[in-house]
Protein chains: 2
Amino acid sequence: MSGRPIRDRKTERRQAAIDEILESAWHLAGEEGLAGLSLRAIAGEVGMRPQSLYSYFDSKSAIYDAMYAEGARRFLDGQQDLEFVGDMRTDIETIGRYFVGFCTEDPVRYQLLFQRTIPGFEPSPESFAISVQSLELIGARLISLGIDDPRDLDLFTAIGTGLIDQQISNDPGGDRWTRLLDDAIDMYVAHVTRGSGVGRRTT
Amino acid sequence: MSGRPIRDRKTERRQAAIDEILESAWHLAGEEGLAGLSLRAIAGEVGMRPQSLYSYFDSKSAIYDAMYAEGARRFLDGQQDLEFVGDMRTDIETIGRYFVGFCTEDPVRYQLLFQRTIPGFEPSPESFAISVQSLELIGARLISLGIDDPRDLDLFTAIGTGLIDQQISNDPGGDRWTRLLDDAIDMYVAHVTRGSGVGRRTT
DNA sequence: GTCTATATTTGGATAGAC
DNA sequence: GTCTATCCAAATATAGAC
């Protein structure tokens, strides 16, 4: 009897088509805005009729969800490649730079992952779980650095998104806010170490 | 000869209709999302045919712009009512509370005024000028408190929008991030006064 | 100023032949 | 899996009667 071949050429072609569709979706979202994305435009770019997209995705929402999952996965993967040294200032900066860099390098992806501005769309539980994992990793890292108050984790994410949000909204393509990251981290580290003995002056 | 009456009833009726349209626009943007706003839905609420709206607004963009102007005006007016005492910690908190309160009490308004997520819309120069005025007022206030580095103004707005953004995106209706405002202000004030002599310990 | 009528475009989605 | 054909709905916008 003939066993199943190692490579499934049909599945590979299908996956390639899916990848192409998503690539086009990202591109067009960048051009027209995330909320302005349309199946017709995607189909036009990949050389299909709009209806043919339904062979790959059940709905427009499903495309948004696949984009969300892809973005969240990419963030998580990059995050796991970060190298930490155990020093608070250094490691906080590593996370902060990664976060800010990732978000500003693709504002549309930031909007999809971290804001709630697409009417009617919310990520599926499976896709959302990827994001939750990222946040948990950051939380665990902060704890390992001695930052164990959950409020300080929330403050950290707020500072990050604040710089990113202002950068994207008010100086797109520039660095008016991202260049403040160093200062912001100094400020944050000073805050979480206040009165802890570390770096405190003995009067 | 008959002089012009003090009150122009026709103009008053027209203004009332405009107000009603905008009120409905805000309401529907809250229900369907800002990007999901439609002239049909507005017309339905105010008891008109969609086409009749064109007697009041040239386009859908013009409605967005009127909403923008109204929001910006409201922010500026409320801002001018704030009372300051000259103490940095107190006055920064006054501004911060106002900013966070204003934005979180109406997330759609925040999205329209402070983010850039509506494909194809940007405020007219006249409307935008109102926002600029608000930012200038905050900047002047910070300077009067001795915070004269423009970077520190940008850092301040970043912290504010960061708390607001996280609050709206990840805990809508709650206070998980807004309750961190006090801590955030402590952190910020400590940062801008670092090494300034004020509050510094003499070793 | 509001309506009817209509133009025009665009969008998401389904049925069925090939 | 892709196509043709279509549907249906919704959207913005204009012309002209009343």
Side-chain angles (χ1 to χ4, degrees), chain A residues 7-68 108 112 117-122 124, chain B residues 7-29 31-68 112 117-122 124:
Chain A
R7 286 177 55 193
D8 183 338
R9 305 185 73 85
K10 190 173 164 189
T11 302
E12 280 177 4
R13 269 207 316 277
R14 182 177 171 82
Q15 190 56 49
I18 289 177
D19 290 345
E20 203 183 340
I21 290 167
L22 287 179
E23 193 179 346
S24 168
W26 283 114
H27 170 239
L28 286 164
E31 301 270 309
E32 315 286 340
L34 190 57
L37 189 62
S38 82
L39 299 184
R40 289 175 120 81
I42 297 173
E45 272 208 347
V46 301
M48 280 183 189
R49 312 263 66 181
Q51 305 91 316
S52 302
L53 295 176
Y54 287 88
S55 299
Y56 301 99
F57 294 96
D58 286 340
S59 67
K60 187 183 178 182
S61 249
I63 294 183
Y64 278 133
D65 194 58
M67 294 169 77
Y68 183 99
V108 164
L112 179 61
T117 52
I118 304 301
F121 169 71
E122 54 178 330
S124 62
Chain B
R7 288 177 53 193
D8 183 338
R9 305 186 71 85
K10 191 175 163 188
T11 302
E12 281 177 3
R13 270 206 317 276
R14 183 179 171 80
Q15 189 56 50
I18 289 177
D19 291 345
E20 203 183 341
I21 289 167
L22 287 179
E23 194 179 346
S24 168
W26 283 113
H27 170 237
L28 286 164
E31 302 269 310
E32 315 285 341
L34 190 57
L37 189 63
S38 83
L39 299 184
R40 290 174 116 80
I42 297 173
E45 271 207 348
V46 302
M48 280 181 189
R49 310 262 71 179
Q51 305 90 316
S52 301
L53 295 175
Y54 287 87
S55 298
Y56 301 99
F57 294 96
D58 286 340
S59 66
K60 187 184 178 182
S61 250
I63 294 183
Y64 278 132
D65 194 58
M67 294 169 76
Y68 183 99
L112 180 62
T117 53
I118 305 299
F121 168 71
E122 55 179 328
S124 62

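So that the names make sense, note that chain A is the first sequence line, chain B the second, and so on, each numbered from 1.
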Asks: Does anyone know the first and last nucleotide of DNA chain D in reach of chain B, 5' to 3', at under 4.0 angstrom to a heavy atom?
Replies: D:dA10 to D:dT14

Asks: So, for A:Ser59 and A:Tyr54, which heavy atoms are closest and what is the spacing to 0.1 Å?
Replies: CA-CE2, 4.3 Å

Asks: Keeping A:Tyr64 on the side-chain end and A:Leu34 on the backbone end, is there a donor-acceptor pair under 3.5 Å?
Replies: yes

Asks: Tabulate protein N/O versus nucleotide N/O from nucleotides 4-8 of chain C, keeping only pairs under 3.5 Å, one per line.
Replies:
{"residue": "C:dA5", "atom": "N6", "partner": "B:Gln51", "partner atom": "NE2", "Å": "2.4"}

Asks: How many Å lie between CD1 on A:Ile63 and P on C:dG11, as a whole number?
Replies: 13 Å

Asks: Tell me the interatomic distance from A:Leu28, atom CG, to C:dG11, atom C1', rounded to whole angstroms.
Replies: 15 Å

Asks: To the nearest Å, how far apart are A:Phe57 CZ and C:dG12 P?
Replies: 14 Å

Asks: If you look at every strand shown and take non-hydrogen atoms under 4.0 Å, does B:Tyr54 touch a base, only sugar-phosphate, or nothing?
Replies: base

Asks: Counting the atoms with a prime plus P, OP1 and OP2 as sugar-phosphate, which does A:Leu37 contact under 4.0 Å by heavy atoms, base, sugar-phosphate, or nothing?
Replies: sugar-phosphate

Asks: How many angstroms lie between CZ in A:Phe121 and NZ in A:Lys60, if you round to the nearest 0.5 Å?
Replies: 11.5 Å

Asks: Please give, in whole Å, the distance from C:dA13 C1' to A:Leu53 CG?
Replies: 11 Å

Asks: So, for B:Glu32 and A:Pro119, which heavy atoms are closest and what is the spacing to 0.1 Å?
Replies: O-CB, 3.4 Å

Asks: Rounded to whole Å, how long is the line connecting atom CE of A:Met48 with atom P of C:dG12?
Replies: 16 Å

Asks: Taking everything shown except A:Gln15 itself, do over 12 heavy atoms lie less than 6.0 Å from its CD?
Replies: yes

Asks: Do A:Phe57 and A:Asp65 have side chains that get closer than 4.5 Å, going by heavy atoms?
Replies: no

Asks: Using a 4.5 Å cut-off on heavy atoms from C-beta on, say whether the side chain of B:Trp26 contacts that of B:Leu37.
Replies: no

Asks: Extract all donor-acceptor atom pairs below 3.5 Å that involve side chains of residues 40-52 of chain B and protein atoms in other chains or at least two apart in sequence.
Replies:
{"residue": "B:Glu45", "atom": "OE1", "partner": "B:Ser24", "partner atom": "OG", "Å": "2.8"}
{"residue": "B:Glu45", "atom": "OE1", "partner": "B:His27", "partner atom": "ND1", "Å": "3.4"}
{"residue": "B:Glu45", "atom": "OE2", "partner": "B:His27", "partner atom": "ND1", "Å": "2.7"}

Asks: Need one value for B:Ser55: base, sugar-phosphate or nothing, where a base atom within 4.0 Å counts as base even if backbone is also close, heavy atoms only.
Replies: base

Asks: Please find the pair of heavy atoms, one from A:Ile63 and one from A:Ala25, that lie closest to each other, and give the distance.
Replies: CG2-CB, 4.1 Å

